[in-house]
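Structure record follows, encoded as structure tokens.
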Amino acid sequence: MKKLLIMIILMVLPGLVWAKGSDRRITFELNDGPGNWYRNANGPVAGLGSLGVGTPGVEVVFTRDGSNTVHTYTSLLYPTGARNMPFDTDPQKGSESVTLRTPGLYVFFCQVHPYMLGAVIVDDPNTEGLDLGESITLINGITVPTSSDLATRLLRGFMVLTEPGNWQNFSSSDPWHINYPSVPVRITGGAVVDLASVLEARYGNDTALPSLMKPEHDGVGEVWVNTQFERTANKRKPGAAAVVDATDWQVKRKVFLPDVELNNPHNMWTDRDQNLIYVTEWFDSKLTIFDRVSGQFIDRIQVGEAPAHVMTRVDTDQLHVSINGSDRNESVVELSPLAGGIERRIDVGRPGPHAHWMGHDGGTMVTPNVFTGDSTIYDFVRDGIQDIVPTGSVESHPIATGMMPDSSKYYVANFLDSTFAIIETATGKEFAPPIDLLQNYNALTGEINGPVGGLPIQTPVSPDGIAMVTANILTDTITIVDTKTDTLVASLPCAAGCHGVQFGAKAGGGYYAYVSSQSANVLQVVDIDPNGDGNPADAKVVGRILLTSTSNTASDDTITALDGMGGQGLLPIPVVYNGWVQNLPQSWKNQLTPQQLDPLNSSE
């Protein structure tokens with residue numbers, strides 16, 4: 001019976017890796033293209049291009065296919081107690097392999113680019129169904145049964161993130177359909193279930209997308225969004241910097257820069273005069289600069305492998321770029337881009353920081369150190385490391401920081417732990433106990449009884465300091481933390497692949513949090529204080545703006561696929577955070593209220 005089932009599976013799963021003897025092998029080709037970043041060289045399995053299936057003893061090979069930067073080959077989750085696990089490598093451009101002998105589900109990722117995912121099912125031919133294993137263990141030690149909601153939620157997330165056909169297309173009137181593979185899988189207790197039936201019963205399918213809507217009140221200026229996955233006619237690599245006019249909510253321009261092959265533009269910032277756009281090429285080694293108004297290319301600077309985030313220092317207007325793929329402690333680059341390029345490489349005591357934050361007076365920088373489970377506080381006054389502070393488990397993967405407008409404390413989003421560390425900046429001590437984003441979630445049953453977030457990414461604090469807003473990619477929720485009490489007070493629905501957040505000014509006073517999603521083509525607008533009473537628990541989504549091009553959208557290339565997809569870094573213009581807002585040109589200041597011009601000391 002088992003052999004008959006195997007033969008059926010072989011026929012219905014195209015590209016299924018199934019061989020005998022010493023030749024059993026699955027090869028993942030890591031590349032810069034959107035979706036199948038871990039591409040199974042043997043072809044899709046059950047419609048999934050980043051999934052492979054083999055028998056115990058299968059060799060899994062990781063190699064690069066035209067990728068321009070470094071990656072790690074790291075086990076994100078694996079069958080509990082599996083041999084040769086956990087598996088990890090340093091950031092590199094070479095090839096590696098691992099042999100999998102324990103039946104069950106394995107998922108690999110890149111610690112530099114953590115949505116790069118590849119999965120392997122090691123199937124015991126003597127059992128019924130494809131073996132997912134009795135339980136899975138995440139790299140940070142969390143262990144759950146494969147029948148649990150957390151296990152199936154992670155599996156569903158893998159299917160959405162790695163397959164562009166499963167992304168949310170808000171320009172279509174069709175319901176959102178996810179192609180779940182209908183295959184028998186063996187889970188906790190030896191139960192055999194149909195995978196598609198389980199996923200649809202738990203999370204639904206063919207669901208209506210929420211309506212597009214413009215906010216009732218305008219924003220001020222522009223909102224730049226890195227639509228990182230857009231494909232165009234004259235580029236091999238994906239990505240654009242798209243700009244939305246916050247006064248009419250139309251996409252005004254998309255900058256692709258085909259002449260320099262702008263490669264996976266990930267995060268942006270601007271100069272003091274708001275004239276330049278600095279953008280990091282996360283799957284490359286470059287920082288690119290272009291003119292904000294015309295979109296014309298200005299410069300492209302070699303800064304280091306996989307530059308992630310960029311931010312200016314308020315007192316000098318120098319740029320600081322985190323080198324996410326660095327294997328050295330000198331992993332933040334300081335430069336004056338129009339005055340000769342790199343000035344120095346700053347030693348923050350750790351390799352590979354991601355989304356750093358700069359203090360309001362230019363005196364401080366804080367980094368989340370993804371490889372070491374800690375955060376660096378760098379003091380520019382004494383020009384050295386003040387503290388390196390643990391933020392969670394060693395494998396918590398701290399990915400982003402958000403700082404209070406007076407720099408008194410800051411938050412670190414621990415991606416894999418789904419927690420926030422809260423640190424007093426002056427002392428490096430724990431300011432308050434960590435915030436658990438899954439405190440209202442039952443990982444076994446999936447029951448949710450309050451605000452919830454999972455796998456948090458960008459997490460800035462509002463310019464007035466009343467709230468921290470976070471994009472959570474596992475739960476597709478936007479979480480709101482009241483910074484006065486450091487409590488989780490709300491979660492709002494987010495489009496698929498919830499990723500980026502930044503704050504911009506709302507016309508007439510207050511702030512909007514702009515939220516991007518990498519597996520959808522919309523920009524979401526959140527009013528963090530719609531009642532004007534300083535209570536962020538009342539925050540709500542007030543806008544969903546389509547990021548596809550129109551006939552009125554200026555562009556320097558022709559879009560061929562994934563229009564508006566891949567929302568990641570955001571840059572509202574003008575920059576209205578405390579310390580930056582005071583340095584704006586008068587033309588921008590004239591559009592802001594007294595409170596917005598001095599967010600900590602003025603009242604309206």
Side-chain angles (χ1 to χ4, degrees), residues 1-19 26 28 35-36 38-40 42-55 58 77 79 100 103-108 117-136 144-169 172 174-209 445-446 474 476 496-497 519:
M1 179 66 184
K2 172 66 177 180
K3 293 193 178 295
L4 176 61
L5 179 62
I6 291 297
M7 292 303 296
I8 294 172
I9 291 172
L10 282 170
M11 288 186 291
V12 301
L13 299 187
L16 179 64
V17 176
W18 189 269
I26 297 170
F28 285 120
N36 297 150
Y38 272 69
R39 182 173 53 233
N40 186 345
N42 294 83
V45 174
L48 299 173
S50 296
L51 172 65
V53 178
T55 52
V58 65
L77 61 86
L100 306 182
L105 173 66
Y106 299 75
V107 176
F108 298 91
L117 300 169
V120 175
I121 296 174
V122 177
D123 183 59
D124 181 352
N126 297 312
T127 59
E128 183 182 358
L130 293 174
D131 290 281
L132 298 189
E134 192 72 15
S135 64
I136 56 170
V144 292
T146 53
S147 59
S148 68
D149 182 80
L150 180 57
T152 55
R153 191 178 290 272
L154 288 166
L155 189 54
R156 174 185 181 272
F158 166 80
M159 294 175 187
V160 172
L161 290 175
T162 62
E163 289 301 326
N166 289 337
W167 295 350
Q168 290 179 337
N169 182 5
S172 171
D174 294 336
W176 180 32
H177 178 77
I178 302 172
N179 291 306
Y180 296 132
S182 182
V183 294
V185 293
R186 184 181 179 88
I187 58 173
T188 308
V192 178
V193 298
D194 180 75
L195 182 58
S197 298
V198 170
L199 295 176
E200 290 186 358
R202 292 187 175 185
Y203 311 114
N205 209 345
D206 296 311
T207 53
L209 294 176
T445 66
L474 175 64
D476 284 332
S519 303

Report yes if the side chains of [X] and [Y] come closer than 4.5 Å at any heavy-atom pair, otherwise no.
X    : Y    : value
N36  : E163 : yes
L48  : P181 : yes
V144 : I136 : yes
L51  : V120 : no
R153 : L474 : yes
S519 : L161 : yes
N40  : V45  : yes
R156 : I178 : yes

Item to check | Inter-residue atom distance N126.CG - D131.CG, 0.5 Å rounding | outcome: 9.5 Å
Item to check | Separation of R186 CZ from I121 CD1 (nearest 0.5 Å) | outcome: 14.0 Å
Checklist entry - Between F108 and L117, does a side-chain contact (heavy atoms from CB on, under 4.5 Å) hold up when you go through it step by step? => result CA-CA 6 Å; F108 298 91; L117 300 169; over 6 Å; no
Next on the checklist: One pair to check against side-chain contact (heavy atoms from CB on, under 4.5 Å): I26 and V58. What are the steps and the verdict?
Outcome noted: CA-CA 7 Å; I26 297 170; V58 65; 3.9 Å; yes
What heavy-atom pair brings [X] and [Y] nearest, and what distance separates the two atoms?
X    : Y    : result
T55  : P125 : CG2-CD, 4.4 Å
D476 : A496 : OD2-CA, 3.5 Å
T146 : G133 : OG1-O, 2.7 Å
S182 : A196 : CA-CB, 3.8 Å
G35  : S50  : O-OG, 4.3 Å
P175 : A208 : CB-N, 4.4 Å

Checklist entry - Do Y180 and D194 have side-chain atoms, one donor and one acceptor, less than 3.5 Å apart? => result no
Next on the checklist: Within the 3.5 Å criterion, strictly below it, is a donor on Y203 or T152 matched to an acceptor on the partner's side chain?
Outcome noted: yes
Checklist entry - Do you know which of N166, T207, D206 makes side-chain hydrogen bond (donor to acceptor under 3.5 Å, both in side chains) with H177? => result D206
Next on the checklist: L77 vs Y106, test: side-chain contact (heavy atoms from CB on, under 4.5 Å). Steps then yes/no.
Outcome noted: CA-CA 6 Å; L77 61 86; Y106 299 75; over 6 Å; no
Item to check | Polar side-chain atom of N179 near backbone of G165 as donor-acceptor pair, under 3.5 Å | outcome: no
Item to check | Side-chain (S172) to main-chain (N169) donor-acceptor, under 3.5 angstrom | outcome: no
Checklist entry - side chain to side chain contact (heavy atoms under 4.5 Å, CB included) with L132: which of I187, T188, D123, V193? => result I187
